[in-house]
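See below for the structure under consideration.
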Amino acid sequence: MRFSGFEDLLTYWAKRTPGAPALRFAGDDGGVETLSYATLARAVETRAEALVTSGKTCVGILADGSEACVIEVFAAVRAGLQVVMLDESVPTSVLRELIPYADIDMLWGEEALCEELSDTLTDGVSVDAGRLLFFTSGTTERSKAVVLTEESLCASAYNGGTLLPLYPGDTLLCVLPLAHVFGFVCGVLWSLSCGACAAMGRGARHYLDDCALFRPTAVSVVPTLLAFFLRHNALNEELRLVLVGAGECRKEIVDAAKARGLRVCCGYGLTETSSGVALSLGDDPYAMTVCPDDRIVLASDGEILIKVRSCMMRGYYKHPEDTNAALSGGALHTGDLGVIDGKGRLTVTGRKKDMLVLADGTKLFLPEAEKELAALLPETDFAVALLGEQVTLVLGGDGRDDRAIYAAIAPYQASHPRGQRITSIVRRDAPLPRTATGKIKRWMLGMGG
């Protein structure tokens, strides 16, 4: 179903299937509790009435992945507030910068954290109803707040559900952060737009037992999480569908999941397009069918350009110049590279900013180099960066000495031109900085390119 917003979605299913499960979550006793569509709609309405009288204009949601968090988002939008989705796991120092930037005058979330951050609250902002801010998962630059709407998010859920429908009776396990658009759309809205049920996972400490508790039929994950589930045999027998997004999933992971009888679909999307743009529906997990509302063309250098009215962002919050640059010529310039086959299917081949131009004029595509090195350095936290003029292997907490590392990567060194070989090793005491979806924040490594 195509819905104009959250209230339209909840009202439709509350009238059509009032007793059907909308949200499932773990109760205080460890068992599973359920909110029906009718109960969820009433809870949202009641909370919205309270927010209308609060005198606030912009709420920052310290998203914890709970059913209460979902209710708060829906209610705040219904009450006409600007909603800013915040990742509660990021350092407090970062949150203290984001709150005034986003004009937040009210916080929702863990009480102690809200109290700690209360001195950063602002006087609010004049807003348009239905506006939600999601931060990009920056890998080559600092994150920006993307202005989306309830309409664009519901349109994105419709697009994905058209290609990959769920049905009443399905349970979608939500284990992704709701502060990121992939988690919010593909962990919650996807199921609700189809009249199915979203089971709210209990966080990283329960990755190994949430499938056993909720018995989902579908789950949306990032590649590293799917690999983790498979390695620990944590997927339940009822599971039939796995949606993988936010990064390329290695073929051996896809094959391992398929060997267990699972349908694996890979998705491509961006915060700027309210999540999904294309999904793989056939045997090739990397050849993706473009969503119904989207039109994709390739620039002369292979950059993916997206035209879509229903799901496109309004812009980057307080960054009009960045907005104009990204939406130049009536299309979103993604910074991603891709190819389109004879059937119109999109394959994403990499990031423009992941290409290093080296001192000798040769080019090194970082994802390809890191994929080769990962086979030689299994279970190693590392990234390749250009520090000064040296191609550097940056290690996160590895205890081996340089001689052992160079011995391990000797096949890589031998198969690459001299200018593309690893010429230095740098160690960090802490794990490498990554986004919530597991991508390396390259701009924090000091890389060039």
Side-chain angles (χ1 to χ4, degrees), residues 3 6 9-10 21-26 32 34-35 40 61-74 83 85-89 132 134-135 137 148 150 152-161 163-166 170-204 206-207 210-211 213-226 228-229 234-236 239-247 249 264-271 273-276 279 311 435-438:
F3 298 104
F6 302 152
L9 183 157
L10 293 177
L23 299 178
R24 288 197 172 100
F25 55 96
V32 176
T34 301
L35 285 179
L40 175 59
I61 306 285
L62 294 161
D64 61 4
S66 67
E67 81 290 347
C69 179
V70 175
I71 292 171
E72 190 72 12
V73 174
F74 287 172
V83 176
M85 301 300 288
L86 299 170
D87 187 344
E88 65 169 3
S89 68
L132 298 95
F134 285 82
F135 285 89
S137 299
L148 304 177
E150 59 176 327
S152 71
L153 292 163
C154 285
S156 179
Y158 165 81
N159 267 311
L163 293 183
L164 199 61
L166 298 175
D170 275 323
T171 296
L172 172 68
L173 178 60
C174 177
V175 291
L176 300 171
L178 296 186
H180 297 274
V181 73
F182 178 41
F184 187 79
V185 171
C186 297
V188 177
L189 281 187
W190 177 26
S191 65
L192 297 183
S193 68
C194 296
C197 176
M200 309 310 297
R202 294 169 291 173
H206 292 278
Y207 282 162
D210 269 348
C211 284
L213 178 66
F214 293 111
R215 318 304 297 182
T217 57
V219 64
S220 51
V221 294
V222 296
T224 53
L225 187 51
L226 177 57
F228 178 83
F229 282 151
L235 299 174
N236 57 298
L239 190 70
R240 60 175 178 82
L241 173 62
V242 178
L243 173 61
V244 189
C249 191
V264 181
C265 298
C266 295
Y268 168 66
L270 302 93
T271 306
T273 57
S274 306
S275 193
L279 288 168
C311 306
T435 69
T437 55

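FYI, side chains are in, hydrogens and waters are out, and symmetry mates aren't considered; it's all heavy atoms of this structure.
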About how many Å separate [atom2] of [Y] and [atom1] of [X], when rounded to the nearest 0.5 Å?
X	Y	atom1	atom2	result
L192	C154	CG	SG	9.0 Å
T171	N236	OG1	CG	9.5 Å
E67	R24	CD	CZ	13.5 Å
M200	F214	CE	CZ	9.0 Å

Exercise. Any sub-3.5 Å donor-acceptor pair from T273's side-chain atoms to G269's backbone N or O?
Worked result: no

Problem set entry | Heavy-atom donor-acceptor pair, D64 side chain to E88 backbone, under 3.5 Å |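 No, because the side chain of D64 does not come within donor-acceptor range (under 3.5 Å) of the backbone of E88.
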
Problem set entry | Between Y158 and F3, ring centroids under 6.0 Å |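 No; F3 has its ring centre 6.0 Å or more from that of Y158.
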
For this session: Please step through side-chain contact (heavy atoms from CB on, under 4.5 Å) for the pair C69 and I61, ending with a clear verdict.
Result: CA-CA 8 Å; C69 179; I61 306 285; 3.7 Å; yes

Problem set entry | By ring pair (Phe, Tyr, Trp, His ring centres under 6.0 Å) - contacts of F6 (at least two apart) |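 Ring pair (Phe, Tyr, Trp, His ring centres under 6.0 Å) list for F6, sorted by chain: F74.
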
For this session: Please report the shortest heavy-atom distance between V222 and A246, naming the atom on each side.
Result: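 Smallest heavy-atom distance, with atoms named: CG1-CB, 3.9 Å.
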
For this session: State which residues pass side chain to side chain contact (heavy atoms under 4.5 Å, CB included) with C194; sequence neighbours excluded, sorted by chain then number.
Result: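 Per chain and number, C194 pairs via side chain to side chain contact (heavy atoms under 4.5 Å, CB included) with L166, W190.
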
For this session: For a side chain to side chain contact (heavy atoms under 4.5 Å, CB included) with V221, tell me which candidate from V244, V264, L173, L243 qualifies.
Result: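 Exactly one pass, corresponding to V244.
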
Exercise. Would you say the side chains of S156 and S274 form a donor-acceptor pair under 3.5 Å?
Worked result: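 Checked: S156/S274 side chains show no N/O donor-acceptor pair below 3.5 Å.
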
